[in-house]
Participant: 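Let me give you the structure first, and then I'll get to my questions.
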Amino acid sequence: MSHELPKAYNPGAIESRWAEYWVAEKLFHVNTPESAENVFDLLLPPPNVTGRLHMGHMLNQTEMDIIIRWKRMSGFTTLWLPGTDHAGIATQMMVERQLATEGKKRQELGREKFIERVWEWKGHYGGAILDQMKRLGASVDWDREYFTMDENLSRAVREVFVRLYEQGLIYRGNYIVNWCPRCVTAISDLEVVHEETQGKLYEIKYPIVGSKDSITVATTRPETMLGDTAVAVNPNDERYKHLIGRVAKLPLMDREIPIIADDWANPEFGTGAVKVTPAHDPNDFAIGQRHHLPQINIMDEYARMNENAGPYAGLDRFAARTKIVEDLEAQHLLVRVKDHMLSIGKCDRCKTIVEPRLSTQWFVKIAPLAKRAIEVVDKGYIKFTPDNYKTIYLNWMNNIYDWCISRQLWWGHRIPAWHCADCKQHTVARTTPTKCAHCGSANIEQDTDVLDTWFSSALLPFTTFGWPDKTKDLEVFYPTSLLVTGFDILFFWVARMIMMGTWFMGDEDKLDTSTQAGQKKLAESVPFREVYIHALVRDADRQKMSKTKGNVLDPIEIIERFGTDAVRFTLASMAAPGTDIAFNEDRTEGYRAFANKIWNAARFIFMNVDRAQESGAWSLSQFDASATPKPSTLEDRWILSRFHSVTQQVDESLNNYRFDEAANAIYRFFWNEFCDWYIEIVKLRLNAGDSDTDKATTRAALDFTLHIFEGSLRLLSPFMPFITEEIWNAIYDGKPPKKSIALAEYPKPSPEAVSDHAAEEEMSLLQALIVDVRTIRAEMKIENKQKTPIEVHASNGNRIERVFQANLNSIHKLANVEQVGFTSTSLSNAAGTRVSPNYEVRVVYEQKIDVAAERERLTKELKKLETEMTNAQRQLSNEQFMAKAPEKVVEGIKRRSGELAGLLEKIQRALADLDDQG
RNA sequence: GGGCGGUUAGCUCAGCUGGUUAGAGCACCUGCCUUACAAGCAGGGGGUCGUAGGUUCGAGUCCUACACUGCCCA
């Protein structure tokens, strides 16, 4: 029988089997529905084709998978769209490295051949990360997989570029950009990482022409002095006022440069006088613009000194720095050198120190796009979770700069602009033009640059659905419902998708947001309605994972050791918003134990199913998951109530992206309630006996147990899709009502299924009694085999006694009790006793108690209760409190105070008795 | 320099709009191989909630300052 599970839970075996099945059966493929109603869709942040799965991906995908599985099971038409990003620089570097092993360079191959090589590479290795995803059980629609360089997406990219150009939002210009001399390309501000570094501040003396005087400037990059075209001082700086308008002699180059006044010169910093190098520093560039200074570029694209650097031509920038400092020193122009902390910009990708460089690049004029992107977040058309990211986002968006989108690479979307060799103008076009649009010359060539990779990924929410065509997909799937991503790409990607989405799906430059219709359009133009931002996965010591530190955890390796389900559950249970996840294997081990617990619960239930089938009490074919289970005992009512409650909790938590709360709620329910209590109690009925009445009892118990268990599996399924699939299929002996548990219905909180307060309260009493007896037995060191009688005094009267009477069997079994006697007299004097507000219980056992230990325990208890009593009394005698506190709170304290009085009295009596004995 | 967080048990973290006794997992201690599970079961110890003020009848929760710490931007 297929419901016979192997004795040992072995995740490896079952997980790969189901992962393949889900893909092969196209379980998560969705046809385009007729309307957008009841659609839930999200876009997988496309991993780089060069990527390998890391913990960040795993967290990201686990969260998305939980959400999408939950929505799918809840009846939504769900689409989770996967794809990969062509990742310009990363991929080009990868293939260049491959070429290097063959002793070749891309320049030797030429552009076309090189790009062919990249495609070849992509064909071979580009699918690796998606294959890894399959191992995670990610329920994406593989039939809709895209690649950012697909023909249709490339066409959309050109369309966007051309439209923005036509709208005057793309321009070409000479600006200082961040230049990576290793990648040999411009990079955007965002691709520069700043690092605090111990550097030096050099003070250099510039002689004043026509006098013995000189002016001392301070700089951290002395080599740039070769390109200086001015010295700037603050106009209010008394020290230098007399020098403004004079001319300084640039040392080493023997060039004359003016001394100018500019507010940017900070009198507090360095000497108060700064050298101005418009071609090699963004601030100096701005000063240069204000004062119409010449721009002298002294470096080539590899950051080597060029012909403008005079005697230093050919030297690397750092070699030049050394040489220049030496030469200045020799000429006694170096006043001093001091240590200085400075923030150095490095290339995000290769960590090479970025060189600000003057060059011609393409830019997006960002203000009009940012305006809308601000408005949609401001007005709540896009909701951020955690909501503090809204502030961060708006701060950034309000201080945004134009976006440099050209990259001097070969791999990527080539810029659709053609330069005319004759009239020097350019032609921007959707399709390759044959002649210059300005002068008609055929002497045109396409711009050699490609677009920033983020330019194309910013468009994905609409281009993947067929834009610029008006497709059905676009109509029903846009805007997507949710974006789940890490904060590290908030500006790179999230912000830019919002800008592009609200522009192109919001009627571009024709939208009038001052009208109601315009606002509606704007609200519908967003690329996603919600953004959930998750934290970083760190190692167990909270260190950032990095290759250099060697603390990178490979999810696949962890999965192989603990199972995907356990790793997913670890991530989910730790995914509290706002805090980074310190990934600790101990946790994962614990969740593998949880999976094992479920496995064994299943084995136990199936064992009883088999027994019932043999005895003819019940058959699996009678089980109908869709039927409403009928509770017949206290434990039935209780576990059903708890099940509804956990269902409610999970629903609420997932709605708020509280994966941790949801996971923990299920964990506690399944283990601490269903396994620890319900199954233990229901064993009594499962072993009822052979008479017809007994069989009926067993049948009812088994059917009910199976209902709760099956429901729990569905509840857990989005978190642990593999083990739940395996066991769920086993329940149906290989003939399940659906092809997968992932297509079954998610347990819903329903108004009818309200909590059974009476059952929960009664069960609490029963549990408390059992725990008390266990505790007393442990204290008295009574052996497990030794059953003991107990005496119970239910001080509150009949109701509590009735609860115990009705559940004597449970008390016997779970507390190791052989006889329960009820008494109307208080038991507080006896040893081996526990008192609580509702009942008193004594374990009848002849053994000398440890007087000292008992006294210590009672004294401690007494002290605790006394403190509580004092607090309660103080509050109750406080007129202000009585007047202002809500009635509920006052009532609660009054009741507790009454209870405390009783308990205190009993404990004091017990202590007095101890004194008599000892 | 500007901005946003965090500080609760040995460790990792929960603690919703302020309200009766601050929770969980792991780790630790004690006893159990009780026929679903030793990846288990039962019991137990452990916290003046970063510091100092303030608001309030009442503060882990709100406010201010400080300390330490993380991140983002310049």
Participant: Rounded to whole angstrom units, what separation is found between the CZ atom of R895(A) and the P atom of rU21(B)?
Facilitator: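 Computing the R895(A):CZ to rU21(B):P distance gives 12 Å.
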Participant: Among rC71(B), rG19(B), rA36(B), which nucleotide has an atom closest to any side-chain atom of F487(A)?
Facilitator: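 Comparing rC71(B), rG19(B), rA36(B) against the side chain of F487(A), the answer is rC71(B).
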Participant: Given rA39(B), rU12(B), rU20(B), which nucleotide is nearest the side-chain atoms of R592(A)?
Facilitator: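 Of rA39(B), rU12(B), rU20(B), rA39(B) is nearest to the side chain of R592(A).
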Participant: Less than 4.0 angstrom from a charged side-chain N to a carboxylate O is my criterion; do E899(A) and R896(A) meet it?
Facilitator: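 So E899(A) pairs with R896(A) through a salt bridge.
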Participant: E589(A) has an atom CD; how far is it from atom P of rC37(B), in whole Å?
Facilitator: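 Nearest whole value for this atom pair: 20 Å.
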Participant: Which of these nucleotides, rA39(B), rA36(B), rC4(B), is closest to any side-chain atom of F604(A)?
Facilitator: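 Among the listed nucleotides, the one closest to the side chain of F604(A) is rA36(B).
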Participant: Side chain of K597(A) only, please: which of rC72(B), rC26(B), rC41(B) is the nearest?
Facilitator: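 Ranking rC72(B), rC26(B), rC41(B) by closest atom to the K597(A) side chain puts rC41(B) first.
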Participant: Heavy atoms under 4.0 Å, any strand shown: does K888(A) hit a base, just sugar-phosphate, or nothing?
Facilitator: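 Nothing, no heavy atom under 4.0 Å.
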Participant: Could you state the NZ-C1' distance from K7(A) to rA36(B), rounded to the nearest angstrom?
Facilitator: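 The answer, rounded to whole Å, is 8 Å.
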Participant: Donor-acceptor pair under 3.5 Å: do we get one between E680(A)'s side chain and the base of rA42(B)?
Facilitator: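 Not at all, since no donor on one side and acceptor on the other fall under 3.5 Å apart.
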Participant: I'd like to check W179(A) versus V354(A) (side-chain heavy atoms, cut-off strictly below 4.5 Å). Are they in contact?
Facilitator: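 No, every pair of side-chain atoms sits at 4.5 Å or beyond.
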Participant: Taking the nucleotide of RNA chain B with the nearest heavy atom to each, does N10(A) or W677(A) sit closer to the 5' end?
Facilitator: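 Mapping each residue to its closest nucleotide by heavy atoms, the 5'-most match is N10(A).
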Participant: Parallel, tilted or perpendicular: which fits the ring planes of F670(A) and F709(A), with parallel below 30° and perpendicular above 60°?
Facilitator: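 It falls in the tilted class, 30° to 60°.
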Participant: Report which part of the nucleic acid V771(A) touches: base, sugar-phosphate, or nothing (heavy-atom distance under 4.0 Å, all strands).
Facilitator: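 Sugar-phosphate, no base atom in range.
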Participant: By nearest atom, which of the nucleotides rG25(B), rC41(B), rA39(B) is closest to the R587(A) side chain?
Facilitator: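 Comparing rG25(B), rC41(B), rA39(B) against the side chain of R587(A), the answer is rG25(B).
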Participant: Report which part of the nucleic acid M882(A) touches: base, sugar-phosphate, or nothing (heavy-atom distance under 4.0 Å, all strands).
Facilitator: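 No contact.
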Participant: With the side chain of A885(A) defined as its heavy atoms from C-beta on, choose the nearest nucleotide among rA36(B), rC73(B), rG19(B).
Facilitator: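 The listed nucleotide nearest to A885(A)'s side chain is rG19(B).
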Participant: Between rA39(B), rC26(B), rC37(B), which one does the side chain of Y9(A) approach most closely?
Facilitator: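 Between rA39(B), rC26(B), rC37(B), the one nearest the side chain of Y9(A) would be rA39(B).
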Participant: Flag the pair R874(A) / F881(A) as yes when at least one side-chain heavy-atom distance between them is below 4.5 Å, and no otherwise.
Facilitator: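 The answer is no, as the side chains (C-beta and beyond) never meet within the 4.5 Å cut-off.
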Participant: Among rG19(B), rG40(B), rC26(B), which is the nearest nucleotide to the side chain of W671(A)?
Facilitator: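 The answer is rG40(B), which lies nearest to the side chain.
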Participant: Under 4.0 Å between any heavy atoms, over every strand shown, what does R658(A) touch: base, sugar-phosphate, or nothing? Just pick one.
Facilitator: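 Touches sugar-phosphate only.
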Participant: Could you check whether K390(A) gets within reach of a base, just the sugar-phosphate, or nothing at all, counting any heavy atom under 4.0 Å?
Facilitator: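 Nothing: the residue K390(A), judged by heavy atoms under 4.0 Å, touches no strand.
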Participant: Can you confirm whether F594(A) sits close enough to M720(A) that some side-chain heavy atom of one is under 4.5 Å from a side-chain heavy atom of the other?
Facilitator: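 Yes, at least one pair of side-chain atoms sits under 4.5 Å.
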Participant: Expressed in angstrom and rounded to an integer, what is the separation of M869(A) atom CE from rU20(B) atom P?
Facilitator: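 It works out to 18 Å between those atoms.
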Participant: Surrounding NZ of K864(A) (heavy atoms of other residues, nucleotides or ligands, distance under 6.0 Å), is the total greater than 12?
Facilitator: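 12 or below, so no.
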Participant: When we call it a touch if two heavy atoms are under 4.0 Å apart, what does N871(A) touch: a base, just sugar-phosphate, or nothing?
Facilitator: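 The residue N871(A) makes no contact with any strand.
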Participant: Side chain of I679(A), heavy atoms from C-beta onward: which of rA39(B), rA36(B), rU34(B) has the nearest atom to it?
Facilitator: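 Of the candidates, rA36(B) comes closest.
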Participant: Kindly give the heavy-atom pair with the smallest separation between H534(A) and E63(A), and that separation in Å.
Facilitator: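 Minimum heavy-atom contact is ND1-OE1, 3.1 Å.
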Participant: Heavy atoms under 4.0 Å, any strand shown: does P386(A) hit a base, just sugar-phosphate, or nothing?
Facilitator: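 Nothing: the residue P386(A), judged by heavy atoms under 4.0 Å, touches no strand.
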Participant: Taking the six-membered ring for Trp and the full ring for Phe, Tyr or His, determine whether the centres of Y591(A) and Y667(A) are under 6.0 Å apart.
Facilitator: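 Yes, close enough.
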Participant: Using a 4.0 Å heavy-atom cut-off, does N664(A) contact any base of the nucleic acid, only the sugar-phosphate backbone, or nothing at all?
Facilitator: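 If one applies the 4.0 Å heavy-atom cut-off, N664(A) turns out to touch nothing in the nucleic acid.
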Participant: If you check the R896(A) side chain, which of rC4(B), rU20(B), rA39(B) turns out closest?
Facilitator: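 Output: rU20(B).
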Participant: Is the NZ or CZ atom of K683(A) both under 6.0 Å from the centre of the six-membered ring of F604(A) and within 45° of that ring's axis?
Facilitator: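 The answer is yes; both the distance and angle limits are met.
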Participant: Stems in RNA chain B: runs of 3 or more consecutive Watson-Crick or G-U pairs, distances under 3.5 Å?
Facilitator: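 So the stems come out as B:1-7 with B:67-73, B:10-13 with B:23-26, B:28-32 with B:40-44, B:50-54 with B:62-66.
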